[in-house]
Amino acid sequence: MDDLKRVFVGFFILCLLINPAFQQVQIVPLSSRIERVALLQLRSSLGLRTKEWPIKSDPCSLWVGIQCRNGSVVGINISGFRRTRVGSRNPQFSVDALPLFGSLLSFNASRFKLPGSIPDWFGQRLRSLRILDLRGCSVVGAIPISFGNMTSLSELYLSDNNVTGIVPDILGQLLSLSILNLSQNGLTGAIPPSFGSLGNLTLLDMSGNYLSGTIPPAIGALSKLEILNLSSNNLSSLIPSQLGDLSSLNVLDLSSNSFSGSVPPDFRVLRNLQKMVFGRNQLSGSLQGNLFAPLMQLQFVDLSHNNFIGEIPSILWNMPSLLFLDASANNFTGNLPNASSVPSANPAIFNLSRNLLYGGLTTVVMRFSFIDLSDNYFQGKVPDYARSNASLTRNCLQDQSSQRSVAPCASFYGERGLTFDNFGVPNATQPPTSKPRKKSHRKLIILAAVIGGVGIIALVIIMLVLLIVCTRKGTQTTQRGTVVEPVPTGASPPPPGASLNFSSLGEGFTYQQILQATSNFIDADLIKHGHSGDLFRGILEGGIPVVIKKIDLNTVKKEAFMQELDVFSKVSHTRLVPLLGHCLDNENEKFLIYKYMPNGDLSSSLYKKTRSEDDTLQSLDWITRLKIATGVAEALSYLHHECSPPLVHRDVQASSILLDDKFEVRLGSLSEICAQEGENSQSRITRLLRLPQSSEQGASGTPAATCAYDVYCFGKVLLELVTGKLGMSASSDGTMKEWLEGTLPYISIYDKELVTNIIDPSLIVDEDLLEEVWAMAIVARSCLNPKPARRPLVRYILKALENPLKVVREESTGSARLRTTSSRGSWNAAVFGSWRSSSDAAAAVPAAATSNKMEGASSFKHSKNSGTSGSQGSGQNNGGDHSSSNRRQQSRDIFPEPLDEEGHNPTGFLASSLASSSNLELTGSLAPQSSGIWN
């Protein structure tokens, strides 16, 4: 019996091995001469290459994309093919040979350019066709009426083209149709009610068109429909309750339309629904808990930018399957639920920003990998567990930056009869908790008097030093350079805006034009609340999309507004966001009109949803990331080195980096720009007071107006591009310090592979691109030097980003050549001089591999350069053992520090004093307090 089993198993395995070869033998060569001539004609008219369709070979056996059955062609797939050089000169929709294939069932030309309109004969002569895929083929014109004759068609893909006109009602006769994808075109008119007859339809995608009117209630009869996507159209009126009859529905996307009313309660029977997207409509009313209770498979919910009111249904906090909820920009109110009522679940992402939520923070935030609670009215102290995974700006929280002022918080809680904690400040009218003893009171008075006397003396000394330094600086300025519109000697400086050149501020608009462009500033067009004004989408006459900043002078200082206008009137560069116009008619409200950036800002474009049916995110490729980094460096180089005096941006972060339709950088958030502070006065005061942080923040706690501060912030952006960690360039000091301590040790000029531990896992890079990522990481670390004076100038950073491979290859193999290069002329020396000054005292690489890595790198460089004149191996110790002090001194000789504009070493006394410290901490600079587009 065992022998019989062995024989049976052996025979079965032998059949498996023989079967593929057997099948290959069974392929019948093309037998029809007419079809062979048709293939050659199609090959010629489309300009296909011999690589895919070799003339002398049998098409059924060796031609790529040709599928045959019984010697006849049944399928043609040229998806992604490339044309010959001749065929690329004048590509056309030339497929006249297709009707010659009598058994053709499938034609797939997706991502193969077929510019032109679909021929009218298409539906008449290809009636047997079952699959037609023309996605991304550059097709133009209308959908032929003859398509109604293709009754065998089961899948029709026309997405990502320039198809225009109305959707033919006759498509409702294609009863075999299971997939209909007409998305991302220019279709107009209404959705045909005849689509309700397509009983076999499982996917209907008409998103990204200009469809108007209502959703036909007949769509609710499509019992097999699994995906319905009508987003990004001009559909309006109520959402039909008949959609609740779509029992098989998995994905429902009605976002970016003009739907009004409430969410139909009939939707609670959509038990298979996994994705519900209603964002950017005009929906209103409250959401009932019983609407979501039966939807236990729901994973993705988008309710953002509507007018919903009431509390967020408690069931949404309890759904273990829910991975993403965006309820931002609504009027939801109420408290966060207690943690005891929320079970533990998989990490989820919730966005509840820009609502009317209030009360204290609870442990419910621990459930989420990230939760955005900004622009609400939460009060109280921030628990430790809410600091790492929650965005809490523009609330009423204690001891937090970027919060609302007392007035709006007190007004909000007062209108609702609730108690406001006044940011933890006790009421001045409350009696003291205990009566101090007379003796202690006398001691306090004496102590206060002593401290006050010392403070007055110190203040007088500081004022004298400031007076002396400013006097000397003024003398040097008049002797050494010119500034933009210098003030004559003895004259008082003009107020901001007194000498504005309005001809350089774009076109002047009336208040009525502004209202018309923004539809009276409806909430649906609100982009965000910037720190210098509210930002709205708008459309000017002629259909030009713009962004309009509404500046309320009751809450924003007029001087800040005029300062931004002053910047636009005096500087102009292609890397700065264009100002198209202004409206200064109203006394208390001013408006600035900027060019619209289709790709938003870097923080929102680093990861984007794909157009596919799933919810995966597609990240920017490395080439685009490097392009963005170079663009930012060009903008900062213009401000720092081409403006006189140098201008400091003071708000460099991902949300300030705007991207046009080609991902070209346009630097925004220009309201904080100011002239650089005098380096001499700052360094002398710093030395006097021994305050190392004064180089990073001003006396009032605002970011310091120094170019080194911009460089530090840019370093954070570069590291964000390398690691893919969203939001780090705008995070607080505590979070940033912790992140840098865990990231910077993996950036080493001696070990390329170390950087792979921190690279964004979504990046796909080969060996050459990995070197570019490594180079950007090294540049980022040089920018993050704790010593401001040791950070490289932006013009050196720009050169490094334009030549990233030279950064790592010259550092690895060109040390001898750099030794003789002056620091003024070598951007490589500037970057590595800065890098080394921080890496000498930086934290060790994680794990015990640090010493091995350093020894390996040192021996590698020694062996590689041995026998070469001037190489590192032939130093003063003749290639022998180097002490750490000798090695550090040698590296500084090879990579000299950059010189400033006057040829002096810019490190000065401050750098020397900091260099004496044996342990540099990653204090860095204060993170920018503002965030947003065109702030």
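Here the structure is a predicted model, which means the values were calculated and not measured. Numbering starts at 1 and runs along the sequence shown. As a basis for the values below, the full set of heavy atoms in this structure was taken, side chains included, without hydrogen atoms, waters or symmetry mates.
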pair I170-F147: side-chain heavy atoms closer than 4.5 Å
no
The test is side chain to side chain donor-acceptor pair (under 3.5 Å); show your working for D169 and S194 and say whether it passes.
CA-CA 6 Å; D169 188 73; S194 62; 3.0 Å; yes
Distance col, row L287:CG vs L303:CG, nearest 0.5 angstrom, shows 6.0 Å
With rounding to the nearest 0.5 Å, note down the distance linking CG in L298 to CG in L270.
10.0 Å
Counting only heavy atoms not in L515, do more than 12 sit closer than 6.0 Å to its CG atom?
yes
Could you give the distance from CG (L230) to OG (S256), rounded to the nearest 0.5 Å?
12.0 Å
Partner set under side-chain hydrogen bond (donor to acceptor under 3.5 Å, both in side chains) for D245, not counting sequence neighbours
none
Apply side-chain contact (heavy atoms from CB on, under 4.5 Å) to the pair I539 and I544, showing each step before the final yes or no.
CA-CA 5 Å; I539 298 180; I544 302 175; over 6 Å; no
Quick check: does any side chain N or O of N234 sit under 3.5 Å from a backbone N or O of S236, one acting as donor and the other as acceptor?
no
D621: partners by salt bridge (Lys or Arg N to Asp or Glu O under 4.0 Å), with sequence neighbours left out:
none
So, are D660 and K662 salt-bridged, with charged N and O less than 4.0 Å apart?
no
Does D326 reach the main-chain N or O of L352 with its side chain, forming a donor-acceptor pair under 3.5 Å?
no
If only side-chain N and O atoms count, and only distance matters, is there a donor-acceptor pair under 3.5 Å linking Q288 with S286?
yes
Would you say that more than 12 heavy atoms from the other residues, nucleotides or ligands in this model lie under 6.0 Å from the CZ of R537, or not?
yes
Show your working on ring-ring contact (aromatic ring centres under 6.0 Å, His included) between F112 and F81 and close with a plain yes or no.
CA-CA 6 Å; F112 183 84; F81 278 22; 7.1 Å; no
Just wondering, are more than 12 heavy atoms of other shown residues or ligands nearer than 6.0 Å to CZ in R83?
yes
Heavy atoms of S241 and D266 approach each other most closely as CB-OD1, 3.4 Å
Distance-only, no hydrogens or angles: does the N108 side chain make a donor-acceptor pair with backbone N or O of I78 under 3.5 Å?
no
Determine the minimum heavy-atom distance between M206 and N233, stating which atoms define it.
O-ND2, 3.1 Å
Among I76, L104, N77, V74, exactly one meets side chain to side chain contact (heavy atoms under 4.5 Å, CB included) together with Q67. Which residue is that?
V74
Any side-chain heavy atom of F93 sitting closer than 4.5 Å to one from V139?
yes
Does V163 reach the side chain of I143, with side-chain heavy atoms less than 4.5 Å apart?
yes
Return the minimal non-hydrogen interatomic distance between W622 and L763, and the atom names on each side.
N-CD2, 3.7 Å
Determine whether D760 and R625 satisfy the following criterion, salt bridge (Lys or Arg N to Asp or Glu O under 4.0 Å), listing intermediate values before the conclusion.
CA-CA 12 Å; D760 185 351; R625 297 190 192 200; 2.8 Å; yes
Would you name the heavy atoms of F368 and N389 that are closest together and state the gap between them?
O-ND2, 2.8 Å
Please report the shortest heavy-atom distance between L42 and V95, naming the atom on each side.
CD1-CA, 3.9 Å
Distance alone, cut at 3.5 Å: any donor-acceptor contact between the side chains of S110 and S79?
yes
Where the side chain of D302 meets the backbone of L325, is there a donor-acceptor pair that is under 3.5 Å apart?
no
With no hydrogens and no angle check, is any side-chain donor or acceptor of N306 less than 3.5 Å from a backbone partner on N281?
yes
Is any side-chain heavy atom of L243 closer than 4.5 Å to a side-chain heavy atom of I219?
yes
Go through the steps to decide whether L182 and Y157 satisfy the test side-chain contact (heavy atoms from CB on, under 4.5 Å), and finish with yes or no.
CA-CA 6 Å; L182 305 177; Y157 304 91; over 6 Å; no
Do M150 and R127 have side-chain heavy atoms sitting under 4.5 Å apart?
no
Any chance the side chains of D601 and S655 put a donor and an acceptor closer than 3.5 Å?
no
Report the distance from atom OG of S353 to atom NZ of K528, rounding to the nearest 0.5 Å.
9.5 Å
For a side-chain contact (heavy atoms from CB on, under 4.5 Å) check, start with the C-alpha distance between L134 and L114, then their side-chain angles and the critical distance, and finish with the verdict.
CA-CA 9 Å; L134 299 177; L114 293 172; 4.3 Å; yes
Salt bridge present between D375 and R394 (N-O < 4.0 angstrom):
yes
With salt bridge (Lys or Arg N to Asp or Glu O under 4.0 Å) as the criterion, how do K627 and E664 come out once you've worked through the C-alpha distance, each side chain's angles and the decisive distance to 0.1 Å?
CA-CA 8 Å; K627 173 182 178 180; E664 294 291 346; 3.2 Å; yes
Indicate yes or no for a side-chain donor-acceptor contact from T202 to the backbone of S178 under 3.5 Å, with no hydrogens or angles considered.
yes
Anything under 3.5 Å between a donor and an acceptor, one on a side chain of residues 220-228, the other on a protein residue two or more places apart or in another chain? List them.
residue, atom, partner, partner atom, Å
K224, NZ, N200, OD1, 3.1

Does some side-chain heavy atom of D372 sit less than 4.5 Å from a side-chain heavy atom of F350?
no
Backbone N/O of P265 and side chain of R268: donor-acceptor pair under 3.5 Å
yes
Would you say S605's side chain and L602's backbone share a donor-acceptor pair under 3.5 angstrom?
no
Are side-chain heavy atoms of I548 and D525 found at a separation under 4.5 Å?
no
Salt bridge or not for K275 and D253, using N-O below 4.0 Å?
no
Contact between D523 and N307 at the side-chain level, heavy atoms closer than 4.5 Å - yes or no?
yes
What one should report as the nearest heavy-atom pair of N318 and P320 is O-CD, 3.1 Å
With a 6.0 Å cut-off on the ring centroids, do F324 and F300 count as close?
yes
Is the F332 ring parallel, tilted or perpendicular to the F308 ring (thresholds 30°, 60°)?
parallel
Is the backbone of F259 close enough, under 3.5 Å, to the side chain of N257 for a donor and an acceptor to pair up by distance?
no
Evaluate the criterion side-chain contact (heavy atoms from CB on, under 4.5 Å) for residue pair L201 and L180; output intermediate values, then yes/no.
CA-CA 8 Å; L201 206 61; L180 178 57; 4.1 Å; yes
Are the side chain of S138 and the backbone of K113 linked by a donor-acceptor contact shorter than 3.5 Å?
no
